[in-house]
Amino acid sequence: MSEGDWAPAGLWLAVVASGLYHGMNPGMGWPLAVSAGLMERSARALLAALGPLAVGHFLAMLVVMLPFALLAALIEWQRQIQIGASLLLIMFGIFRLVNPRHPRALARIPPTQLGLWSFAVAVAHGAGFMLVPIYLGLCRTADLGSGHEAAGALISGNLAMALLVSLVHGAAMITAGGVFAWLVYYYLGLNFVSRSWFNLDVTWALSLVLVGAISLAFSFSG
């Protein structure tokens, strides 16, 4: 594999890794799937709950990336846009560190509306922002040499890339979350989560800052 092939491969790996990381986080909803299974005493209820959680997370990723998909068509400004996205991610991570409280609006969404809840939580926690620098990097590698293409073609390609990134990330997220939900439901029990899980609010905020800093470093080095 040539050096040029490693860049997109590494970015796609980051898309999958961030999806697995989001899926491991109980805040993204897999305990609700466990709860649904326990209340109905059915593994089918657990699996059924994973569907709306996956759809909500996927839509949250896509909605956050769509504005950047339109901006990324401006080839001559792609580096500046990626730097701006990295800084935005770092600032959001710092905000989550300083203000870790969850928005009150999330508590008003009934547990039966899992898709809406998953969408709102992913947006509120900045899950989509973590993907933006990675997505913009993929757009840059895909658009090399396409500076003379029509803007409409670039926008179409970037929108397709946003859809693909959201799908891959969402699949990785719900796979990881589903595995944890299944293990807790059948083997570990809810007490394991309350005893063993560390504070992911701080870890989540720090990861936003870290991803933004790495993307910023790559933007300047590139």
Side-chain angles (χ1 to χ4, degrees), residues 4 6-19 21-22 25 28 57-100 103 119-170 172-173 201-222:
W6 279 111
L11 289 169
W12 280 115
L13 181 61
V15 171
V16 174
S18 63
Y21 173 62
H22 289 178
N25 186 350
M28 291 295 104
H57 195 85
F58 161 75
L59 291 176
M61 302 302 101
L62 191 60
V63 164
V64 171
M65 281 189 288
L66 284 179
F68 291 95
L70 300 177
L71 289 173
L74 304 173
I75 295 297
E76 65 273 18
W77 293 101
Q78 277 202 6
R79 184 181 181 187
Q80 289 84 348
I81 293 169
Q82 189 166 10
I83 291 173
S86 303
L87 292 173
L88 182 63
L89 181 58
I90 292 172
M91 289 187 292
F92 190 85
I94 294 173
F95 171 76
R96 293 294 305 167
L97 279 173
V98 175
N99 183 26
F119 174 85
V121 164
V123 172
H125 283 75
F129 284 124
M130 185 180 289
L131 272 183
V132 168
I134 303 170
Y135 161 71
L136 290 174
L138 284 168
C139 286
R140 288 183 67 183
T141 58
D143 288 339
L144 289 177
S146 61
H148 298 291
E149 292 183 11
L154 285 177
I155 292 174
S156 177
N158 290 335
L159 290 176
M161 180 69 76
L163 179 63
L164 183 58
V165 168
S166 299
L167 281 172
V168 172
H169 174 89
M173 173 266 178
D201 286 336
V202 174
T203 306
W204 181 274
L206 290 174
S207 67
L208 293 175
V209 175
L210 177 62
V211 171
I214 293 173
S215 175
L216 192 64
F218 275 114
S219 297
F220 281 114
S221 65

ring-ring contact (aromatic ring centres under 6.0 Å, His included) partners for F119, two or more places apart: none
Nearest atoms (heavy-atom pairs only) where I134 meets A14: CD1-CB, 3.8 Å
CZ on F68 to CZ on F129, rounded to 0.5 Å: 6.5 Å
Acceptor/donor pairs from residues 163-170 side chains to any protein atom, 3.5 angstrom cut, sequence neighbours excluded:
| from | atom 1 | to | atom 2 | distance (Å) |
| --- | --- | --- | --- | --- |
| S166 | OG | L62 | N | 3.4 |
| S166 | OG | A162 | O | 2.9 |
| H169 | ND1 | V15 | O | 3.4 |
| H169 | ND1 | S18 | OG | 3.1 |
| H169 | ND1 | G19 | N | 3.3 |
| H169 | NE2 | H22 | ND1 | 2.9 |
| H169 | NE2 | H57 | NE2 | 3.1 |

Gap separating the OH atom of Y21 from the CE atom of M173, nearest 0.5 angstrom: 13.0 Å
L89 vs V211, side-chain contact (heavy atoms from CB on, under 4.5 Å): CA-CA, chis, key distance, verdict: CA-CA 8 Å; L89 181 58; V211 171; 3.7 Å; yes
Spacing of L138 atom CG and L11 atom CG [to the nearest 0.5 Å]: 4.5 Å
Gap separating the CG atom of L159 from the CG atom of L66, nearest 0.5 angstrom: 6.5 Å
V132 vs V64 side-chain heavy atoms within contact, under 4.5 Å: yes
Distance, nearest 0.5 Å, that separates CG of L131 from CE of M61: 6.0 Å
Separation of S86 OG from I214 CD1 (nearest 0.5 Å): 10.5 Å
V209 and I94, any side-chain heavy atoms less than 4.5 Å apart: yes
